[in-house]
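What follows is a set of notes on a single structure, which appears directly below.
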There are 2 protein chains.
Amino acid sequence: MLSTMKRRQGNTQEPKRDKQKSMQKLLHSVGAILQKDGYKALKANNIAAHAKLDKKLIYNYFGSLGGLIDAYLKKNDFWKKTEAITEKVPLTDLKPDTVVEILKGQFLFLENSVEMQHIILWELCEKNPLLRDILEERERFGEQLFQLSDKYFKGTSVNFRAINALLVSAIYYIILHARYNNNTICGVSTTTEKGREQLFKAIEQIINWCYREAAEERK
Amino acid sequence: MLSTMKRRQGNTQEPKRDKQKSMQKLLHSVGAILQKDGYKALKANNIAAHAKLDKKLIYNYFGSLGGLIDAYLKKNDFWKKTEAITEKVPLTDLKPDTVVEILKGQFLFLENSVEMQHIILWELCEKNPLLRDILEERERFGEQLFQLSDKYFKGTSVNFRAINALLVSAIYYIILHARYNNNTICGVSTTTEKGREQLFKAIEQIINWCYREAAEERK
DNA sequence: AATATAAGTCACCCATCGGTGACTTGCGAA
DNA sequence: TTCGCAAGTCACCGATGGGTGACTTATATT
């Protein structure tokens with residue numbers, strides 16, 4: 001006992017057989033593969049090879065391939081990643097500029113997060129209760145934001161939630177579309193800086209129209 | 001010779017070995033499977049089983065599984081299916097109501113065409129030159145429409161193409177999303193009649209804002 | 001009726017998939 | 001130092017994937 005303690009503390013070498021570390025490696029490999037090749041590449045052989053472990057360990061530790069992937073999805077709260085966007089903006093009011101900033105932030109975040117793209121694509125392609133949980137969490141967070149905007153639109157003809165649903169959906173589709181099809185949508189390039197500016201400006205305009213319309217009706 | 005002719009004409013039975021018919025069967029099965037189970041189910045064994053033919057014929061007639069699928073995509077001009085939506089509307093002018101009708105039509109058509117949903121999903125998931133061709137054809141057709149709207153928006157701050165790019169993208173995403181996730185987006189249900197009405201109204205409002213803004217700026 | 005050829009059938013190849021039983025080996029406790 | 005057990009290895013399973021060689025059979029021509 002003393003000898004093993006000594007050896008562990010004496011040199012920095014870690015034990016070669018560490019269940020916890022192996023589990024972490026597998027979970028990490030799920031994320032890496034998801035990011036690199038998408039959810040379709042999440043195969044037992046792939047993951048084990050990436051983690052440089054035997055695939056048997058997937059079944060020893062997580063029961064099944066699905067168990068490992070579920071564990072990965074549970075561990076990483078993806079909605080929190082999107083929540084981080086709104087950390088800089090104040091959460092007391094929801095002025096037009098703030099809304100536009102949040103939507104732009106969503107666009108830029110999603111554009112840079114290949115992993116998030118794959119998860120959204122995954123949600124569109126397959127029925128998975130865990131993926132639905134992620135979506136519902138995201139909805140709950142969004143609802144908090146919308147409650148701040150209610151004072152502007154209550155009693156007006158502007159359905160601010162519906163308009164944002166359209167804009168958020170548009171952002172999602174456009175980014176997914178741009179992954180493999182670098183052509184245009186309605187003549188607007190989705191991959192160039194110029195096209196993105198056009199889209200941003202359109203979003204800004206729509207949001208401003210919402211607030212203007214609501215203000216006019218309330219006069 | 002006479003005997004065979006007689007047999008063919010005498011009874012209505014067709015020859016059992018008909019290359020053209022077998023090819024048609026295979027092509028038709030591609031469509032049927034695509035509609036029923038999506039592009040992921042387009043396997044050689046599946047298609048052959050559905051057509052009640054040996055899978056060898058796929059390779060005899062089309063060279064490969066990909067060749068068969070490509071032949072199917074070439075045969076069916078999918079953009080023409082979406083074009084049919086606009087057949088009822090006049091193509092001389094593009095008033096707000098007409099644009100709204102076209103967008104609503106896109107929504108309803110896509111909602112009912114499972115095959116089209118699968119093709120759009122396919123476009124998002126995989127790189128395929130033939131699928132890109134379909135998209136480009138669709139773009140060319142859309143551009144014809146937008147040229148009719150230029151007189152309203154030229155020289156104004158309204159980028160009508162960008163706003164329509166957002167709305168069309170939103171429609172696509174919302175319908176794909178609704179396939180497996182019957183929850184809400186930004187609090188708006190995507191599967192109920194009520195939610196759809198909210199979205200339609202929002203689309204209508206945005207389009208009207210475009211024309212109003214352009215008219216005001218031109219005064 | 002005989003025959004050449006195209007149409008269609010069938011068994012089989014190899015790669016990959018998720019998953020497992022039986023084995024070996026390193027670690028920690030006594 | 002010994003020893004039990006968990007950690008890890010490895011060969012292998014059945015199912016399924018795309019694809020093919022060699023065979024049989026129907027059909028049109030002579």
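In this text the structure is predicted, and so the values were computed from the model without any measurement.
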Value in whole Å for how far the [atom2] atom of [N] lies from [atom1] of [X]:
X: B:Asn60; N: D:dT20; atom1: CG; atom2: C1'; answer: 10 Å
X: A:Lys21; N: C:dG26; atom1: NZ; atom2: P; answer: 17 Å
X: B:Ile58; N: C:dA7; atom1: CD1; atom2: P; answer: 16 Å
X: B:Lys19; N: C:dT5; atom1: NZ; atom2: P; answer: 15 Å
X: B:Asn45; N: C:dA11; atom1: CG; atom2: C1'; answer: 14 Å
X: B:Lys55; N: C:dG8; atom1: NZ; atom2: C1'; answer: 15 Å
X: A:Leu53; N: D:dC10; atom1: CG; atom2: C1'; answer: 14 Å
X: A:Leu57; N: D:dA6; atom1: CG; atom2: P; answer: 15 Å

Flag side-chain contact, heavy atom, 4.5 Å: A:Ile69 against A:Leu34
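Result no, sub-4.5 Å side-chain heavy-atom pair not found.
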To the nearest 0.5 Å, tell me how far B:Tyr173 OH sits from A:Ile120 CD1.
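Answer rounded to 0.5 Å: 5.5 Å.
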Answer yes or no: is there an ion pair linking B:Glu193 with B:Arg196, defined by an N-O contact shorter than 4.0 Å?
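A salt bridge links B:Glu193 with B:Arg196.
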Salt-bridge criterion met for A:Arg161 and A:Asp150 (N-O under 4.0 Å):
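Looking at A:Asp150 together with A:Arg161, the answer is yes, because their closest N to O distance falls below 4.0 Å.
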For the side chain of B:Arg17 and the base of C:dA7, is some donor closer than 3.5 Å to an acceptor across the two?
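Answer yes: a donor N or O sits under 3.5 Å from an acceptor.
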Starting at the 5' end of DNA chain C, which residue's closest nucleotide do you reach first, B:Ser22 or A:Lys56?
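Residue closer to the 5' terminus by nearest nucleotide: B:Ser22.
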Nearest heavy atom decides the nucleotide; on that basis, is A:Asn46 or A:Asp54 closer to the 5' end of DNA chain C?
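Nearest-nucleotide comparison on DNA chain C picks A:Asn46.
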Compare side-chain N and O positions of [X] against OP1 and OP2 of [N] and report whether any pair is under 4.0 Å apart.
X: A:Tyr59; N: C:dG19; value: yes
X: B:Tyr61; N: C:dA7; value: no
X: B:Ser64; N: D:dG19; value: no

Are B:Asn183 and B:His177 linked by a side-chain donor-acceptor pair shorter than 3.5 Å?
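Checked: B:Asn183/B:His177 side chains pair up, N/O donor to acceptor below 3.5 Å.
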